[in-house]
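Here is the structure we will look at.
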Amino acid sequence: MSNMRSGMSRKLEEKGLTGFQIRVLLNTMKIPKGRTVTYKQLASMSGRPKAYRAVGTALKKNPFAPRIPCHRVVRSDGTPGNYSARGGTRRKVKMLKSEGAI
DNA sequence: TTCCTGACGCTCG
DNA sequence: GCGAGCGCCAGGA
């Protein structure tokens with residue numbers, strides 16, 4: 001478990017991501033299937049409850065789109081938010097529906 | 001080092 | 001209920 005995370009975080013570092021970014025992505029991959037988390041929650045998990053802005057930037061830089069379920073991160077007001085990966089927001093909603101998150 | 005932008009959040013009109 | 005504005009932090013130029 002820890003070994004796995006360490007390896008992943010190293011890979012992320014090689015991708016040019018910084019500590020905060022890595023923590024965000026690491027927490028994102030922990031999100032269970034069929035469950036959604038808000039940017040605020042993710043920011044809190046990463047140690048910076050008010051850095052929800054930076055969280056969005058981090059997810060955007062996510063180099064492991066399928067491995068890191070960034071589509072499970074939604075906004076606090078219920079809207080799905082944006083999605084830079086393949087398919088865009090449309091695909092994001094579709095995936096969430098498929099997982100039963102909605 | 002300073003300024004600008006951004007996959008956001010919350011309040012106000 | 002909806003739209004606009006201000007505030008938040010991190011990263012890049």
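It should be emphasised that the depicted structure is a prediction, and the values quoted were computed from it without experimental measurement.
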Quick check: does any side chain N or O of [X] sit under 3.5 Å from a backbone N or O of [Y], one acting as donor and the other as acceptor?
X: A/R91; Y: A/R86; result: no
X: A/S44; Y: A/K40; result: no
X: A/K92; Y: A/P80; result: yes

Give [X] one of three labels, base, sugar-phosphate or nothing, depending on what nucleic acid heavy atoms sit under 4.0 Å from its own.
X: A/A54; value: base
X: A/K40; value: sugar-phosphate
X: A/S84; value: base
X: A/F20; value: sugar-phosphate

[X] vs [N]: side-chain N/O to OP1/OP2 distance below 4.0 Å:
X: A/K61; N: C/dG12; answer: yes
X: A/K50; N: C/dC8; answer: no
X: A/S76; N: B/dG9; answer: yes
X: A/R75; N: B/dG9; answer: yes

Atom-to-atom span, [atom1] of [X] to [atom2] of [N] - whole angstrom:
X: A/I68; N: B/dA7; atom1: CD1; atom2: P; answer: 17 Å
X: A/K15; N: C/dG12; atom1: NZ; atom2: P; answer: 15 Å
X: A/R23; N: C/dA10; atom1: CZ; atom2: C1'; answer: 11 Å
X: A/K60; N: C/dA10; atom1: NZ; atom2: P; answer: 17 Å
X: A/Y39; N: B/dC10; atom1: OH; atom2: P; answer: 14 Å
X: A/D77; N: B/dC10; atom1: CG; atom2: P; answer: 8 Å
X: A/L59; N: B/dT5; atom1: CG; atom2: C1'; answer: 17 Å
X: A/L42; N: C/dC9; atom1: CG; atom2: P; answer: 17 Å

Judged by nearest nucleotide, the residue sitting upstream toward the 5' end of DNA chain B, A/V74 or A/T57, is A/T57

Where is the tightest heavy-atom contact between A/R72 and A/I31, given as atom of each residue plus distance? NH1-O, 2.8 Å

For the student: nearest non-hydrogen atoms of A/Y39 and A/N82, plus distance: OH-O, 3.9 Å

Quick check for you: among C/dC8, C/dC9, B/dA7, whose closest atom lies nearest to any side-chain atom of A/Y52? C/dC8

Among the nucleotides B/dA7, B/dG9, C/dA10, whichever has the atom closest to the side chain of A/T18 is C/dA10

